[in-house]
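The block underneath contains the structure these notes are about, expressed in structure tokens.
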Amino acid sequence: MNAKRFAVVVLAVMALSAPEGVRAAGRTETAGDVLQFALPAVSLVEAWHKKDGKGALQLLKSYALSTGVTYALKEAVHERRPDGGKHSFPSGHATSAFTAAEFLRVRYGLKWGAPAYVAAAFVAYSRVEARKHHNHDVLAGAVIGVISSHIFTHPWHGMDVSLDAGHKSFEIWLCRRF
């Protein structure tokens, strides 16, 4: 999957994540729920596609740290959610999404990172919109995710092969980072 297709998939998930008749906030919340898992899944698929075992391990280490910190803080802080539920701070959805987004940005560059950050920002927005989190909850989750991926992730220097077909063209791109 290339970055353009990834961006299209993200937009499709956001647009089509709930059946007709569901109120807008329900669609937004559902899209955020789906994207919090789709972003790390796409990250692992891209690492597998590139035969980048080191990258997959870096992502897993990042997730272990970010998830551990997030759930430790949830237990320590005991902040109420805007809808009255428990364990608001920090947002696990935002942590998950931003861990994957920062992994994609650092490991594979802005071509992957930019659409991933748009999707992660949408996940954070969806949590506030659904009244599951306060703004500071999603901001804290984003910071935890970014820092954890930044600690473990290093740029990928492997060979990247991509195919692109246009109306009257077919391209094969070979790219190696040094």
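None of these values were measured; they are calculated from a predicted model.
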message = Return the CG to CG distance between L65 and L60, rounded to the nearest 0.5 Å.
response = 13.0 Å
key: Nearest-0.5 Å distance, CG of residue D83 to OG of residue S88   = 8.5 Å
query = Are K74 and D137 within salt-bridge range, i.e. N to O under 4.0 Å?
reply = no
key: Pairwise side-chain contact, E79 with H134, heavy-atom cut-off 4.5 Å (strictly under)   = yes
key: Nearest-0.5 Å distance, CD1 of residue I147 to OG of residue S62   = 12.0 Å
query = Which heavy atom of A31 sits nearest a heavy atom of F122, and at what distance?
reply = CB-CE2, 3.5 Å
note = Heavy atoms of T70 and G92 approach each other most closely as CG2-CA, 3.9 Å
message = For S126 and T28, which I'm curious about, is there any donor-acceptor pair between the side chains at under 3.5 Å?
response = no
key: Cluster overlap V69 with I151, hydrophobic side-chain contacts below 4.5 Å   = yes
request  = State, with a plain yes or no, whether a side-chain heavy atom of K54 is found less than 4.5 Å away from one of R107.
outcome  = yes
ask   = Which heavy atom of F89 sits nearest a heavy atom of A140, and at what distance?
value = CE1-CB, 3.4 Å
ask   = Just how far is it from atom CG of L59 to atom OG1 of T153, taken to the nearest 0.5 Å?
value = 7.0 Å
Any R81 side-chain heavy atom under 4.5 Å of R127 side chain = yes
query = Would you say the side-chain atoms of Q58 pair up with the backbone N or O of H154, donor to acceptor, closer than 3.5 Å?
reply = yes
query = Would you say the side chain of V106 lies within less than 4.5 Å of the side chain of E102, judging by non-hydrogen atoms?
reply = yes
query = Do you reckon V42 sits in the same ILVMFWY cluster as W156, going by side-chain contacts under 4.5 Å, direct or chained?
reply = yes
key: Gap separating the OG atom of S43 from the CG atom of L104, nearest 0.5 angstrom   = 3.5 Å
Passing candidate, ring-ring contact (aromatic ring centres under 6.0 Å, His included) with F103, options F98, F152, Y108 = Y108
message = Checking T67 against Y71 for the side-chain contact (heavy atoms from CB on, under 4.5 Å) test, could you report, in this order, the C-alpha distance in whole Å, the side-chain angles of both residues, the deciding distance, and whether it holds?
response = CA-CA 6 Å; T67 301; Y71 285 96; 3.6 Å; yes
inquiry  = Within the supplied structure, the quantity of interest is the number of heavy atoms (other residues, nucleotides, ligands) at a distance under 6.0 Å from H136 NE2; does it exceed 12?
reply    = yes
query = What distance do S91 atom OG and L139 atom CG have between them, rounded to the nearest 0.5 Å?
reply = 10.5 Å
request  = Look at the side chain of R131 and the backbone N and O of P82, then say whether any donor-acceptor pair between them is shorter than 3.5 Å.
outcome  = yes
inquiry  = Would the distance check show the side chain of S149 and the main-chain N or O of V146 forming a donor-acceptor pair, the cut-off being under 3.5 Å?
reply    = no
remark   = Test side chain to side chain contact (heavy atoms under 4.5 Å, CB included), reference T95, set I144, V123, V138, output is I144
ask   = Just checking, any donor-acceptor pair under 3.5 angstrom between side chains of Y63 and S96?
value = yes
task = Applying side-chain contact (heavy atoms from CB on, under 4.5 Å), run through W112 and E46 and close with a yes or a no.
result = CA-CA 10 Å; W112 282 95; E46 183 60 14; 3.3 Å; yes
inquiry  = Under the criterion salt bridge (charged side-chain N to carboxylate O under 4.0 Å, His left out), I'd like the reasoning laid out for D33 against K132: C-alpha separation, chi angles, the key distance, then a yes or no.
reply    = CA-CA 12 Å; D33 290 344; K132 299 294 182 184; over 6 Å; no
key: Minimum-distance pair of heavy atoms, taken over all atoms of L39 and A97   = CD1-CB, 3.6 Å
